[in-house]
Amino acid sequence: MGFPITRGRRLRRTENIRRMVRETSIDSEDLIYPLFVTHGLDVKMEIPSMPGVYHFSVDTLCKEAEEIWQLGIHAVLLFGIPAEKDEEGSEAYSPDGIVQRAVRTLKECNPGLVVITDVCMCEYTSHGHCGIVVDGQVSNDETLEYLARIALSHAEAGADIVAPSDMMDGRVMIIRDTLDENGFTDTAIMSYSAKYASAFYGPFRDAANSAPQFGDRKSYQMDPANRREAITEMVMDLDEGADIIMVKPALSYLDVIADARIEFNAPIAAYNVSGEYSMVKAAAHNGWIDEERAVIEILTSIKRAGADLILTYHAKDAAKWLKRG
Ligand code: PBG
């Protein structure tokens, strides 16, 4: 079956032939656009380390959501920047917190938009950790009930999907139980199941002002060197009731996405994180790479690895380019 009978180039000869045999395609429906919401009025402020990504106040959100919707992107992931931080991250579960208000507003102006909320404490705590600190350590079990309260407050505001990103053990179970006990049996859970302690979150921590004030996140986020452990984490989250499992970051972890695709039938999401975005932006700004081609190649690789859904700050640009075809 080798050369000269087989010639790979036959099916690469024209663009239309290439399209016919293309194995992977991206659709704007696969993309989830992260949005940062902040207090104040009439705010649309660019994040310095993430060109093209903004902080929005609640009153400017609907206009942005309309633009996103028109591009064919039908899901957003909300992050909140609180007015004040404290030890327990209390704005995270306040019914009048920034995310809760943003959810209600988005659901009013566009009931069809799929609103996903990030369930975590790091943006809300004064120490910047993703949980309750006891004796200088993030306490797993004390954090769980806070996470459940946060998720419930998001569901009460109208979130379609809650997305715990903290990496505490057992959080999916307590969130599922709490939602069910309160009548939110239809609120789904997208769990950041295999979330690694990554350097690629740098620009996000600037954007959300959420860098830990002491230590790092290595006692709860996964070691980048571990591949098999990701399967264990995903099995646990599915057993506890996760509807969608996530691998994060995406690009340095395509092997983990591919493993998950083989192992599980559940939908798999991959988070193309802030550092992955900003590297492309910086290189494109310097004229070192072709931004459009690089972004489409990156998103295609994440889908080819096996992701069904991609959370990406490139979503709006990519949707525009895909529309143009
Ligand atoms: C935690 C959270 C983080 C991100 C999403 N949720 C930051 C972290 O774990 O430090 C990172 C997203 C990104 O880098 O784009 N609330």
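Each ligand, and each atom within it, is numbered from 1 in the order the structure gives. Just the heavy atoms: all of them, side chains too, but no hydrogens, waters or symmetry mates, feed the values below.
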When you measure from the side chain of H74 to the backbone of V114, do you find a donor-acceptor pair of N or O atoms at a distance under 3.5 Å?
no
Show the distances, to 0.1 Å, for all pairs joining an N/O atom of ligand 1 and a protein N/O atom that are shorter than 3.5 Å, listing one pair per line.
residue, atom, partner, partner atom, Å
ligand 1, 6 (N), D118, OD1, 3.4
ligand 1, 6 (N), K248, NZ, 3.3
ligand 1, 9 (O), K195, NZ, 2.7
ligand 1, 9 (O), Q221, NE2, 2.9
ligand 1, 10 (O), R205, NE, 2.6
ligand 1, 10 (O), R205, NH2, 2.8
ligand 1, 10 (O), R217, NE, 3.1
ligand 1, 10 (O), R217, NH2, 3.4
ligand 1, 14 (O), S274, N, 3.3
ligand 1, 14 (O), S274, OG, 2.7
ligand 1, 15 (O), S274, N, 2.8
ligand 1, 15 (O), Y313, OH, 2.6
ligand 1, 16 (N), D118, OD2, 3.2
ligand 1, 16 (N), E123, OE1, 3.2
ligand 1, 16 (N), S165, OG, 3.3

Any chance CD of E15 has more than 12 other-residue heavy atoms, nucleotides or ligands included, within less than 6.0 Å?
yes
Looking only at atom types and distance, does a side-chain atom of D223 sit under 3.5 Å from a main-chain N or O of A225, one as donor and one as acceptor?
yes
So that I can tick it off, tell me whether K316 and E64 are bridged by a salt bridge, with the cut-off set at under 4.0 angstrom between side-chain N and carboxylate O.
yes
Count the heavy atoms of every other residue, nucleotide or ligand shown that sit under 6.0 Å from CG of N286, and state whether that count exceeds 12.
yes
Can you establish whether the number of heavy atoms outside Y146 located under 6.0 Å from its atom OH is more than 12?
yes
